[in-house]
Amino acid sequence: PTALREIFTEKPKTKWTDIGGSDSVKERFDEAIEWPLRHGDLIQRLGVQMPKGVLLYGPPGCSKTLTAQAVANTYNLNFIAIKGAELISMYVGESERAVREVFSKAKQAAPCVIFFDEIDSIGSERDSTGTKGLNVLTTLLNEMDGFEALKDVFILAATNKPTSLDPALLRPGRFDSHVYVGPPNEVARKEIIMLTTRGATLAKDVNFDYLAADLEGWSGAEIVRICQNAKLPALRRALKGEEDTRVTAADFGTARAGVRKGITPE
Ligand code: ATP
């Protein structure tokens with residue numbers, strides 16, 4: 001087990017424009033974050049119940065973490081991130097203390113986002129998590145319940161396994177807003193490829209539309225990896241003093257063959 005490390009607030013630099021295909025996801029946060037921030041008084045006066053927590057769900061490597069960071073960046077919020085697995089690995093008692101500390105730090109640092117990554121590690125259906133997970137989950141639920149919305153602290157969580165989550169987490173007043181962050185579609189894939197190859201010199205045979213169509217089914221993280229790997233042969237050629245150091249279509253093909261597709265139909 002690990003001891004409680006200091007809990008840090010960050011100021012993420014990720015912007016929506018760094019995330020290929022983020023347009024539709026971005027819109028989901030206008031209400032959940034912008035309204036409470038700008039119109040808290042009105043919302044309170046009208047007695048409107050805003051979602052307390054937002055759950056981001058979708059396959060691995062498809063920009064859930066980037067999304068949480070972009071939310072913090074867009075609305076100029078402090079950011080506290082903690083991983084479920086990290087909480088579980090702590091000494092007995094420390095995990096609960098960490099959860100409470102995350103909330104109290106966030107209140108001090110408001111306006112602030114708390115991001116619980118891999119929430120399924122602590123909040124899976126009761127039989128599979130064990131007592132350790134259950135204790136942490138109970139602490140988390142207590143903190144969320146004792147916590148007034150509209151205090152400029154926003155709670156985000158991410159999971160690859162939404163169906164295995166303990167239903168208690170999804171009840172009203174907890175993670176009651178759900179945002180699907182799915183695999184990139186063709187437009188998003190093209191954006192990711194363009195973002196990742198920005199600055200590289202590309203040969204004439206490199207066609208972004210073809211690549212975007214060809215990379216159907218790969219995650220954002222895998223596409224980034226493929227594009228990064230595609231640039232390596234060009235670097236090698238440059239280091240050998242060769243004249244033509246452009247990244248070619250063949251380089252993308254080789255890179256694609258070397259990266260495994262991880263997303264499964266579930
Ligand atoms: P996990 O569930 O594995 O934690 P995640 O959904 O949180 O994954 P991120 O950590 O946000 O995924 O993404 C991993 C990496 O993949 C990013 O750091 C980035 O390099 C790349 N990536 C994924 N999706 C995109 C995207 N849409 N645009 C640009 N880069 C992306």
Side-chain angles (χ1 to χ4, degrees), residues 10-29 53-74 77 79-89 113-124 154-165 169 175 177-200 208-209 211-232 252 255-256 258-266:
E10 309 163 46
K11 277 273 183 186
K13 296 206 167 61
T14 310
K15 297 190 164 57
W16 291 119
T17 47
D18 299 325
I19 312 177
S22 58
D23 283 355
S24 59
V25 170
K26 176 170 82 176
E27 282 169 17
R28 298 289 306 274
F29 291 94
V54 179
L55 178 72
L56 307 170
Y57 68 101
C62 290
S63 73
K64 294 183 293 300
T65 304
L66 292 179
T67 297
Q69 292 170 339
V71 167
N73 179 288
T74 302
L77 311 168
F79 187 76
I80 298 178
I82 187 137
K83 283 194 161 67
E86 195 181 342
L87 284 170
I88 290 297
S89 73
V113 169
I114 303 176
F115 178 54
F116 290 100
D117 201 0
E118 306 165 6
I119 187 99
D120 43 275
S121 329
I122 52 171
S124 278
F154 302 94
I155 310 168
L156 267 51
T159 183
N160 308 323
K161 305 174 201 138
T163 52
S164 75
L165 285 186
L169 270 172
F175 291 96
S177 172
H178 307 155
V179 176
Y180 178 59
V181 187
N185 63 20
E186 196 163 331
V187 175
R189 294 195 295 273
K190 185 172 170 183
E191 283 178 26
I192 296 170
I193 297 163
M194 288 169 66
L195 281 167
T196 317
T197 54
R198 211 170 27 191
F208 286 143
D209 290 315
L211 286 173
D214 190 44
L215 292 175
E216 160 142 41
W218 264 270
S219 73
E222 288 157 355
I223 294 170
V224 168
R225 170 64 56 78
I226 290 170
C227 293
Q228 294 298 359
N229 287 355
K231 290 188 270 186
L232 287 177
F252 280 95
R256 176 187 185 276
V259 174
R260 227 161 43 106
K261 217 186 229 183
I263 300 180
T264 54
E266 310 79 83

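Remember, it's 1-based here, ligands and their atoms both numbered in the order they're listed.
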What is the nearest protein non-hydrogen atom to atom 5 (P) of ligand 1, stated with its residue, atom name and distance?
Lys64 N, 3.5 Å

Considering heavy atoms of the protein only, find what lies nearest to atom 14 (C) of ligand 1 and give residue, atom and distance to 0.1 Å.
Ala221 CB, 4.1 Å

Looking only at distance, does Val224 have an N or O less than 3.5 Å from an N or O of ligand 1?
no

Which distance, rounded to the nearest 0.5 Å, do you find between the OH of Tyr57 and the CD1 of Ile119?
16.0 Å

Looking only at protein heavy atoms, which one is nearest to atom 18 (O) of ligand 1, and how far off is it?
Leu66 CD2, 4.1 Å

Can you measure from CZ (Phe29) to CH2 (Trp16) and round to the nearest 0.5 angstrom?
5.5 Å

The answer for which part of Ile19 has a heavy atom under 4.0 Å from ligand 1 is both

Extract all donor-acceptor atom pairs below 3.5 Å that involve side chains of residues 214-227 and protein atoms in other chains or at least two apart in sequence.
| from | atom 1 | to | atom 2 | distance (Å) |
| --- | --- | --- | --- | --- |
| Asp214 | OD1 | Arg256 | NH2 | 3.4 |
| Asp214 | OD2 | Arg256 | NE | 2.8 |
| Ser219 | OG | Ala221 | N | 3.4 |
| Ser219 | OG | Glu222 | N | 3.1 |
| Ser219 | OG | Glu222 | OE1 | 3.4 |
| Glu222 | OE1 | Ser219 | N | 2.8 |
| Glu222 | OE2 | Gly262 | N | 2.7 |

Quick check for you: to the nearest 0.5 Å, what is the distance between Ile80 atom CD1 and Ile155 atom CD1?
11.0 Å

A quick test of your reading: do over 12 heavy atoms of other residues, nucleotides or ligands sit less than 6.0 Å from NZ of Lys161?
no

Ligand-residue contact atoms, ligand 1 with Asn160, heavy atoms, under 4.0 Å
2 (O)

Asn229 versus Ala255, closest heavy-atom pair with distance:
CB-CB, 3.8 Å

Once side-chain hydrogen bond (donor to acceptor under 3.5 Å, both in side chains) is applied, what residue pairs with a partner in residues 186-196 remain, sequence neighbours excluded?
Lys190-Asp209

When rounded to the nearest 0.5 angstrom, what is the spacing between CG in Asp117 and OG1 in Thr65?
4.0 Å

Which residue and atom name correspond to the protein heavy atom nearest atom 12 (O) of ligand 1, and how close is it?
Ser63 N, 3.2 Å

Please list the nearest protein heavy atom to atom 8 (O) of ligand 1 with its residue and the distance rounded to 0.1 Å.
Gly61 N, 2.8 Å

Ligand 1 atoms in contact with Asp18 (distance to a heavy atom under 4.0 Å):
28 (N), 29 (C)

For atom 28 (N) of ligand 1, the protein heavy atom that lies nearest, with its residue and separation:
Gly20 N, 2.9 Å

Can Asp120 and Ser164 be counted as having a side-chain donor-acceptor contact under 3.5 angstrom?
no

So is Pro184 close enough to ligand 1, meaning a heavy atom under 4.0 angstrom away?
no

Closer than 4.0 Å to some heavy atom of Thr65 - which atoms of ligand 1 meet that?
5 (P), 7 (O), 9 (P), 10 (O), 11 (O)

I need the atoms of ligand 1 closer than 4.0 Å to a non-hydrogen atom of Ile192, numbered in the order shown.
26 (C), 27 (N), 28 (N)

